[in-house]
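Step one of this worksheet: look at the structure below.
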Amino acid sequence: MTTPHPYPLPAPPPDRAPRLGDAERERALAVLREGVAQGRISHDTFLFRMERVLAARRSDELVMLTSDLATESGWSKRVVGAVGRMSAFTAKLRLTWHAERLPKLLLPPPGPYPLRIGRDPVNGLRLTHETVSRLHAELSCQGGVWVLRDLGSTNGTMVNGRRVTGAVVVRAGDQVGFGQVGYQLSGD
């Protein structure tokens, strides 16, 4: 039977503390990556802390670098996940509802000249709304593929909610917008 030592032994000095393993560093880096993904820390903060994790010599240094990013409990993750899924569902529902109410823009038969869109009377599709530029966009069939090109419009050309800079391939069913005028492309 061993008798306890009458005096507690001191902790090993920092230079003789056990070395950090790669697994510990990887766990700390995973916490930092998750913090960036959730928007809890900036990219610059992530880079700064990542350098510190790689240079750390003791476990307590890793704790200091990740303590403000403590992971959420399982219950709170489920609640946040459910709210996120519900928000995504309502956003998709809103887009679907809006898409069904858009007037249809029939794709013209392919030809050698593009369909010009804008306020100017010489355009093939004249839109008189004040947010549409005089020469706003053009729609052409190139090699069997429809291409929508913005012509430097002031208020922009949109395809499925994203602004077009230059040209983009479109197809029947896509939502297109010229300024604040919107359509759903249709093949028939």
Side-chain angles (χ1 to χ4, degrees), residues 1-100 102 131 137 145-150 152-171 173-180 182 184-185:
M1 180 171 174
T2 61
T3 58
H5 197 277
Y7 303 105
L9 296 174
D15 59 331
R16 295 180 65 196
R19 275 184 45 129
L20 283 175
D22 289 339
E24 289 176 284
R25 289 183 202 280
E26 187 54 43
R27 279 193 295 273
L29 290 172
V31 169
L32 292 177
R33 281 192 295 271
E34 185 65 24
V36 169
Q38 292 176 352
R40 296 173 69 192
I41 60 173
S42 70
H43 182 70
D44 292 337
T45 302
F46 168 75
L47 292 177
F48 173 79
R49 290 186 185 187
M50 182 183 69
E51 289 175 7
R52 298 285 189 219
V53 165
L54 296 175
R57 294 179 173 250
R58 298 185 320 267
S59 296
D60 62 330
E61 293 177 59
L62 296 181
V63 170
M64 287 181 3
L65 293 167
T66 60
S67 63
D68 61 331
L69 301 173
T71 58
E72 299 171 353
S73 69
W75 182 83
S76 62
K77 280 185 180 180
R78 286 190 296 274
V79 168
V80 169
V83 169
R85 286 188 300 279
M86 184 57 84
S87 295
F89 172 75
T90 56
K92 188 174 180 180
L93 183 63
R94 184 174 34 252
L95 284 173
T96 303
W97 180 265
H98 182 65
E100 294 301 319
L102 285 175
T131 62
V145 176
W146 287 99
V147 176
L148 180 64
R149 180 182 317 276
D150 184 76
S153 63
T154 303
N155 293 308
T157 301
M158 308 288 278
V159 174
N160 296 326
R162 292 199 165 139
R163 189 168 182 151
V164 174
T165 55
V168 66
V169 174
V170 293
R171 59 189 58 84
D174 285 344
Q175 297 174 18
V176 295
F178 311 102
Q180 292 181 2
Q184 182 172 11
L185 292 178

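Atoms considered below: every heavy atom in the structure, side chains included; atoms not considered: hydrogens, waters and symmetry mates.
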Output the distance between atom CG (Leu29) and atom OG1 (Thr66), rounded to the nearest 0.5 Å.
10.0 Å

Answer yes or no: does atom CZ of Arg33 have more than 12 heavy-atom neighbours from other residues, nucleotides or ligands under 6.0 Å?
yes

Step by step, would you call Leu47 with His43 a side chain to side chain contact (heavy atoms under 4.5 Å, CB included)?
CA-CA 6 Å; Leu47 292 177; His43 182 70; 3.5 Å; yes

Under 3.5 Å, side chain of Glu26 to main-chain N/O of Asp22, donor-acceptor pair present?
no

Intermediate values then yes/no, side chain to side chain contact (heavy atoms under 4.5 Å, CB included), Arg40 and Leu69:
CA-CA 8 Å; Arg40 296 173 69 192; Leu69 301 173; 4.0 Å; yes

Hits for salt bridge (charged side-chain N to carboxylate O under 4.0 Å, His left out) against Glu24, two or more places apart or cross-chain, chain-then-number order -> none

Side-chain donor or acceptor of Arg25 paired with backbone N/O of Ala56 under 3.5 Å
yes

Met158 and side chain to side chain contact (heavy atoms under 4.5 Å, CB included): which partner among Arg163, Gln180, Gln175?
Arg163

Partner of Thr157 under side chain to side chain contact (heavy atoms under 4.5 Å, CB included), picked from Thr165, Leu148, Val176, is Leu148

Ser153 side chain to Gly156 main-chain N or O, any donor-acceptor pair under 3.5 Å?
yes

What are the two closest non-hydrogen atoms of Leu65 and Leu32, and how far apart are they?
O-CD2, 3.9 Å

What are the two closest non-hydrogen atoms of Leu62 and Ala28, and how far apart are they?
CD2-CB, 4.1 Å

To the nearest 0.5 Å, atom CE of Met86 lies from atom CG of Leu93 at 10.5 Å

dist Trp146:CH2 -> Asp174:CG (nearest 0.5 Å) comes out at 13.0 Å

Counterpart residues, salt bridge (charged side-chain N to carboxylate O under 4.0 Å, His left out), relative to Asp68 (two or more places apart)
Arg49

Scanning both residues in full, the closest heavy-atom pair of Asn155 with Thr131 reads ND2-O, 2.9 Å

